[in-house]
Amino acid sequence: MDPSPKKTARELLEAQGKLDPSVVAVKLASRRGSDAVVDLMTPLPETELAAGFHVVRKDSPEGLEVIRHSTAHVMADAVQKLFPGTKVTFGPATDNGFYYDFDRPGGTFSEEDLERIEAKMREIVASKSPFRREAIARQDAIDLFTRMGETYKVEWMRSLPEDTEFTVYKHGAPGQEWVDFCKGPHVPSTELLAAVKLTAVSGTYWRGDERNPQLQRIYGTAFHSEKALAAYLKQLEEAKARDHRKLGKELELFAFDGTAVASPFFLPRGAKIYNRMIDYIRDVYVRYRYEEIITPQVYSTELFKTSGHLANYAESMYYAIAADDLADGAKFEKVRQAILAPDKSEEQLELLAREVRGVKPMNCPGHCQLFSHRKRSYRELPWRCADFGRLHRYERGGVVHGLARVRTFCQDDAHIFCAPEQMEQEIVSFNALLDEVYGAFGFTDVRIKLATRPERRVGADSLWDAAEKALEDALRNTGRSFDLAEGEGAFYGPKLEFHVKDAIGRSWQLGTIQVDFNMPARFGLKYVDHEGKDQTPVMLHRAILGSLERFFAVYLEHVGGNFPVWLAPEQVCLLTVSEKVEDYAREALAYLESRGVRAVADFSPDKLGAKIRNARGMRYPYLAVVGAKEAETRALALRRGNDDLGAMSLEDVAARIAAEGAFPRAPEKK
RNA sequence: GCCAACCUAGCUCAGGGGUAGAGCAGCGGUUUCGUAAACCGCAGGUCGUGGGUUCAAAUCCCAUGGUUGGCUCCA
């Protein structure tokens with residue numbers, strides 16, 4: 001017997017008068033990470049509470065997590081009641097809700113099943129049943145779940161370390177109670193699960209591995225109140241209204257076609273924005289001393305053998321076949337097998353390097369090849385070579401998504417070849433460049449992540465030390481805060497990731513800078529130092545916006561289709577009040593165009609109200625009403641969004657729009 | 001690739017074994033108009049594709065292509 005029987009968190013809080021119905025758990029100062037939050041049913045030594053705590057209320061982020069995890073239990077209960085024979089596996093809370101993975105022999109769940117499950121869940125919630133926590137001996141738990149036929153749970157229990165504390169959670173009326181092996185925390189009673197919605201079904205695999213049995217995952221979300229759930233659903237609506245695929249269609253920016261799956265066609269308006277983005281980046285490049293190069297699309301796979309892509313990236317590449325390649329059927333068959341082989345032999349790599357051409361999935365191999373094209377001097381370094389080359393990557397059918405995940409795209413890609421001692425300065429300079437560009441696009445909330453050496457890596461530890469230090473020093477010396485992501489670096493070097501928050505609070509990774517000492521070595525890159533000795537350069541891979549296709553999607557959603565004047569495909573639309581002023585409107589249009597303003601006009605017989613409505617739909621930044629008054633005074637009645645700016649002379653309109661249409665520039669530093 | 005749902009006019013969608021529908025957009029005409037939808041008319045579809053069941057298929061079944069939401073969050 002425990003000599004000092006512990007009291008539950010509920011009893012301890014009650015004794016302190018800190019318990020009220022909105023409290024679902026406590027967060028202990030004495031514990032770290034996910035173990036810090038314990039529910040009210042958990043026995044605690046009084047000393048732990050004395051070490052400091054705060055209560056977790058049902059409407060806090062941590063409280064929601066508890067509610068969602070408990071809701072997952074209730075869902076599993078409902079599923080097992082409705083579909084006997086279904087086995088449970090894992091059912092965690094997620095960022096936006098929860099899921100539970102089931103093994104339903106010979107069956108799947110449809111969306112109609114979700115309604116039934118939801119109804120059953122409401123019954124369970126309405127029963128206002130308390131959650132009970134019970135400590136259990138390891139072997140007892142294994143025996144219990146073996147009897148229940150819960151083979152996945154048993155497998156999981158057996159894999160846990162010997163000293164793990166085993167607990168089970170139960171809810172439901174005696175006789176039909178539902179039990180799960182779980183470490184909690186859970187809400188005190190099902191009645192706290194006030195607002196529940198099941199959202200989706202999906203296939204998944206036991207422990208996320210395709211070789212394991214297929215499971216059925218049911219997604220849902222839960223909130224502490226119906227109102228909070230409604231707000232969340234409304235937010236989903238908002239995101240839907242901004243969906244770049246919807247806006248892309250409505251605003252005639254881009255289109256997709258089955259003849260080139262997951263490969264966007266940019267329509268004239270979209271292409272204007274896309275090119276304008278690239279022109280802006282080029283403008284920045286000039287000031288940051290980048291040199292743009294243009295490199296081939298299709299290479300002998302020799303290049304990708306050297307870079308390592310053939311061994312590690314072959315299944316994501318496209319291959320270019322010429323008629324001549326097919327002349328020898330037997331050879332072609334060998335090539336086929338080599339491409340498909342998961343682990344390629346040296347012989348197979350040789351064969352592919354000799355016989356096959358590959359479409360580039362990345363620019364770096366070509367850039368290395370070009371660097372080694374002639375002897376390089378230390379005087380040339382750092383060499384910053386930028387490339388807007390088109391890349392092709394074969395993404396699996398299920399993962400493509402609008403412009404955000406495509407099979408052909410281009411990046412604002414560049415590689416910086418430099419001496420090791422130049423690394424830090426280059427990273428500092430790149431950070432300044434990022435500040436300027438992200439500011440220009442209106443992304444002000446930028447978070448930086450430093451990803452350090454992973455377990456599996458290439459290169460000496462001394463190189464890793466230097467590279468990580470350069471990244472970290474560059475951040476510290478310029479006073480930037482960052483999060484450390486230990487072990488998340490690429491196998492060839494550490495990196496910084498730049499994440500921005502968009503207008504509706506979603507976070508996107510855009511830029512990155514990666515230190516690479518692997519590829520220069522593979523390509524045998526050298527430069528001659530000031531003593532005439534050969535040295536190996538360091539290579540920095542870096543992108544600002546990343547994939548321009550993906551950035552287009554992120555930015556389109558960020559601005560909700562309302563592009564700023566400097567990017568908008570048309571900056572102003574002239575709206576005639578009647579046909580009588582069409583001649584003047586055409587003159588005004590020609591004048592604006594001659595001043596470099598991107599202008600269009602609506603000469604249709606619609607009434608002004610309809611023209612405004614249509615033009616607002618197309619999100620032109622400026623509208624210019626042209627009527628008899630304006631024709632008489634050679635003016636335009638300018639309107640920006642809903643603001644009527646009044647009549648302005650043609651010259652003033654042109655000057656105003658031209659000024660606003662210039663590339664954004666960072667304020668001059670003193 | 002795997003799980004689920006969807007695919008009907010340029011767009012958004014209705015119809016769900018018995019002659020293919022609406023609104024918007026388009027085209028023609030009338031109206032010449034002052035800040036978020038003037039009016040009348042016309043045209044537009046082998047219902048993603050291919051098979052099958054049936055007297056009869058957009059509708060039911062099978063296959064196939066495409067699209068959408070998922071397939072990282074660990075008891």
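Since this is a predicted model, take the numbers as computed values, not measurements.
Between A:Phe256 and A:Phe265, the ring centre distance reaches or exceeds 6.0 Å.
Side-chain contact between A:Trp508 and A:His499 is absent, with no heavy-atom pair separated by less than 4.5 Å.
Relative to the side chain of A:Val625, the nucleotides B:G70, B:G34, B:G1 differ in distance, and B:G34 lies closest. Distance from the side chain of A:Ala637 is smallest to B:G34 among B:C33, B:G34, B:G66. Listed nucleotides B:U32, B:C74, B:C71 differ in distance to A:Phe90; the shortest reach to its side chain belongs to B:C74. With distances taken from any side-chain atom of A:Leu608 to the nucleotides B:U35, B:C74, B:A37, the minimum falls on B:U35. With B:C73, B:C3, B:U32 as the choices, the nucleotide that has an atom nearest any side-chain atom of A:Pro92 turns out to be B:C73. Picking from B:C71, B:A36, B:C73 the nucleotide with the shortest atom distance to the side chain of A:Ile612 gives B:A36.
At the phosphate of B:G69, OP1 or OP2 sits under 4.0 Å from a side-chain N or O atom of A:His401. The phosphate of B:U12 has OP1 or OP2 within less than 4.0 Å of a side-chain N or O from A:Lys249. Considering only side-chain N and O atoms, A:Lys580 lies under 4.0 angstrom from the phosphate OP1 or OP2 of B:C33. Of the side-chain N and O atoms in A:Tyr99, one or more sit less than 4.0 angstrom from OP1 or OP2 of B:C73. Contact annotation: A:Arg245 reaches the phosphate of B:G69 (side-chain N/O to OP1 or OP2, under 4.0 Å).
Here B:A4 presents its P atom at 17 Å from CD of A:Glu115, a figure rounded to the nearest Å. For the pair A:Leu575 CG and B:G34 P, the computed distance is 14 Å after rounding to whole Å. If you measure from atom CG of A:Asp180 to atom P of B:C74, you get 16 Å, rounded to the nearest angstrom.
Distance OG/A:Ser507 to CZ/A:Arg447: 5.0 Å, rounded to 0.5 Å.
Each of A:Glu165 and A:Arg217 has a nearest nucleotide on RNA chain B; the 5'-most of these lies closest to A:Arg217.
A cation-pi arrangement, defined by a distance under 6.0 Å to the six-membered ring centre and an angle within 45 degrees of its axis, is absent between A:Arg457 and A:Phe491.
Taking the P atom of each, B:G28 and B:U67 are spaced 36 Å apart, rounded to whole Å.
Remark: of the listed residues A:Arg242, A:Arg550, A:Arg506, A:Lys240, A:Arg506 is the sole one forming a salt bridge (charged side-chain N to carboxylate O under 4.0 Å, His left out) with A:Glu557.
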